[in-house]
Amino acid sequence: MRRRTLSALCTLGALGGVLAAPTAAQAADPHPAGPSVRTDETRIYVDFGTRTLPKDLKVLLRKTGTDTPVATIDEFGFLEDMDPCMPSCQDDPGETAVETTPLRLADLGRYAVDVEYDGTEGETILHKDEAIFDYHLIPQVKTFEVRGKPDLEHRTVTVKADATLRDPRDGAETPMANGRLVLETTATKTGLTTDAAGHVETPFTFTGTEKHDTTTRQNDVRMVLRPAGANAAHGLTRQVEVGYTTTDITLDSPTVRGADGTDAPLTGRATYRDSNGVSKPVPVGTPMSVYTVRTFKTGEDGRFTTQVPVDGTRRQTIALLGTPWLSNSYAYVSSDPTTSAGFHRLPTVTVSRYKKVSVAGVFDRYDLPAYTTLKVNLQFKAKGTTTWVTKKTIDSPAIAGDSSRTVTAADLPYQGVGVWRFQFPGTKQIPAGPAPESYTVYRQMTAFPEFNANPEPVKAGAPLTITGKLNTKNEDNGQWSAFAGARIDIYFRAKGTTTWRGAGVAVTGNDGKFTKTFTAAKDGDWQAKYEGDEWSHFYSYSRLDFVDVQ
């Protein structure tokens with residue numbers, strides 16, 4: 001952990017007198033909730049959630065079960081902010097925690113941590129028992145060696161290591177006699193015990209399913225040796241290069257059969273080739289996948305059993321996911337749907353500027369015994385809900401055997417932001433297949449909150465000014481705001497007629513407002529319309545405003 005050191009001072013020995021206990025003055029505590037305090041093996045960290053620290057900040061240490069402080073720390077260093085844009089670059093307060101330097105106390109043991117500082121009136125504020133500081137001998141792995149270059153035929157290597165105990169009081173190190181170590185890979189964890197000299201030398205066998213060490217460009221696996229129960233920073237890491245070989249996947253059947261949209265069982269065997277070209281089973285637990293759908297692992301003798309989705313007649317890929325020991329390999333399985341029907345492609349949905357929805361989807365039918373008519377539901381699910389609502393039911397004729405047919409629905413009322421799908425609910429004889437949903441469908445609403453023709457009444461031949469404002473709604477947050485740059489068509493209908501004629505065009509400004517001036521000629525109604533655009537906004541029209549021309 002990097003830090004910017006200010007300074008640190010640790011005073012050893014008992015302090016004379018008794019510290020002041022909290023009184024009524026604690027009501028003036030600038031941090032009534034107290035600090036957040038944590039410890040590691042040699043340091044204490046204090047965090048008030050702000051870079052403005054209280055005055056005369058001190059950390060007091062007491063042997064647990066006693067009342068008398070044995071050490072006082074009164075100078076600290078701020079930790080460096082490792083992520084300067086969390087929660088955001090604007091709101092990040094920076095690192096607010098401070099730390100001590102590594103402490104050197106007189107005795108090992110467990111210490112209660114108290115935090116003291118001045119209140120708003122200079123009174124002493126004391127927060128007791130904020131943490132426990134466990135001051136102990138620190139186990140650490142000093143040397144770690146792995147001998148051997150393993151492959152699947154020879155997975156055993158020799159591990160050699162030395163471990164010590166470091167005394168935080170003076171930094172002296174002694175062998176960690178009969179100490180417990182933990183040896184870890186991505187596939188297994190093994191306990192080891194040192195001898196009286198803190199040394200260990202033992203064989204270790206890889207499983208053959210360890211993952212790549214992505215920190216190197218070699219065909220490596222990572223091994224970590226650390227003291228049991230100790231901070232991982234006191235361990236050592238080694239990269240071990242391993243041998244690599246090719247693999248094969250053999251399926252018991254190249255085809256799976258089942259109702260469309262269901263899972264069908266698939267079995268097979270994965271093997272690798274040894275140095276003599278002989279096929280042998282891959283290790284138990286070798287990772288495999290039904291490509292992009294699900295993962296699974298091999299069992300004994302390289303055998304595997306998995307479930308493959310029947311997605312129409314679409315071919316599925318079975319993959320052995322490459323490891324440092326094994327190459328990638330692939331096999332392909334075909335789907336043969338039994339009697340069933342469903343939709344495999346996303347439905348196409350369009351929303352017109354006039355608030356009309358059209359939906360189209362391809363309906364696939366498999367292995368039908370005879371000509372029939374299948375009922376398909378067109379369903380909608382509103383944004384933020386989990387409920388599908390049927391908006392229309394459509395009859396779709398289907399011939400015997402396999403067939404596809406496009407199902408359409410047009411000029412449906414706009415339902416708001418959400419997704420659409422076609423769903424075949426199934427019958428006793430014909431199981432239902434998949435029903436994928438569309439992408440989220442929406443357009444932004446528009447509205448005229450303001451519209452006016454002035455003056456009213458007006459003299460014939462005098463100027464008549466049409467003003468108004470167009471707003472648009474953000475469907476993500478529901479907020480309305482000014483719609484700038486929109487074309488506004490202004491219409492006039494003379495009194496006693498039913499015909500509207502275009503009178504002129506205006507364009508909204510940054511504030512959504514528009515103005516257009518005409519010459520008053522006849523009594524009648526004025527109205528503004530926004531025709532919408534190709535993709536994103538609905539049309540809208542203003543209220544009518546009648547003008548009396550005198």
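One is the number of the first residue; the rest follow in order along the sequence.
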Strictly distance-based, threshold 3.5 Å: is any side-chain N or O of [X] a donor or acceptor partner for the main-chain N or O of [Y]?
X      : Y      : answer
Thr188 : Thr207 : no
Asn510 : Ala484 : no
Ser253 : Thr255 : yes

[X] with [Y]: basic N within carboxylate O range, under 4.0 Å:
X      : Y      : value
Arg222 : Asp220 : no
Arg443 : Asp533 : yes
Glu184 : Arg226 : yes
Lys383 : Glu475 : no
Arg269 : Asp301 : yes
Asp411 : Lys356 : no
Asp545 : Arg543 : yes

Report the relative orientation of the aromatic rings in Tyr539 and Tyr541; use parallel for angles under 30°, tilted for 30 to 60°, perpendicular for over 60°.
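Aromatic pair Tyr539/Tyr541 classed tilted.
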
Do the rings of Trp420 and Phe380 sit parallel, tilted or perpendicular, given the 30° and 60° boundaries?
tilted

Grab the two heavy atoms, one from [X] and one from [Y], that are nearest each other, plus how far apart they are.
X      : Y      : value
Glu437 : Lys381 : OE1-NZ, 3.4 Å
Val349 : Ser438 : CG2-CB, 3.7 Å
Phe343 : Val362 : CD2-O, 3.0 Å

Residue set satisfying side chain to side chain donor-acceptor pair (under 3.5 Å) with Ser404, at least two apart, ordered chain then number -> Asp364

[X] [atom1]: over 12 foreign heavy atoms closer than 6.0 Å:
X      : atom1 : result
Gln550 : CD    : yes
Asn477 : CG    : yes
Lys391 : NZ    : yes
Phe546 : CZ    : yes
Lys529 : NZ    : yes

Gap separating the CG atom of Asp548 from the CG atom of Asp523, nearest 0.5 angstrom:
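So the CG of Asp548 and the CG of Asp523 are separated by 4.5 Å.
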
Working to the nearest 0.5 Å, report the span between CG of Asp311 and CZ of Arg315.
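The CZ atom of Arg315 is 14.0 Å from CG of Asp311, to the nearest 0.5 Å.
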
Hydrogens and angles aside, do Asn474 and Gln479 bring a side-chain donor and acceptor to less than 3.5 Å of each other?
no

Examine the side chains of Asp213 and Gln239 and answer whether a donor and an acceptor come within less than 3.5 Å of each other.
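Their side chains do contain a donor-acceptor pair, which is all the 3.5 Å distance test asks for.
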
Does Glu95 form a salt bridge (charged side-chain N to carboxylate O under 4.0 Å, His left out) with Arg51? I'd like the steps, not just the answer.
CA-CA 7 Å; Glu95 179 61 70; Arg51 292 185 66 86; over 6 Å; no

Is the NZ or CZ atom of Arg405 both under 6.0 Å from the centre of the six-membered ring of Phe363 and within 45° of that ring's axis?
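Relative to the ring axis of Phe363, which defines the angle, Arg405 lies outside at least one limit.
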
Under 3.5 Å, sequence neighbours excluded: what are the donor-acceptor pairs made by side chains of residues 463-471?
unit_1 : atom_1 : unit_2 : atom_2 : d
Thr465 : OG1    : Thr517 : OG1    : 3.4

Ring pair (Phe, Tyr, Trp, His ring centres under 6.0 Å) test vs Trp526 passes for just one of Tyr491, Phe518, Phe451, namely Phe518

4.5 Å side-chain heavy-atom contact, Met288 and Ile318:
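Yes; the side chains approach each other to less than 4.5 Å.
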
Ring centroid separation Phe424 to Phe422 under 6.0 Å:
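They do not qualify: ring centres at least 6.0 Å apart.
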
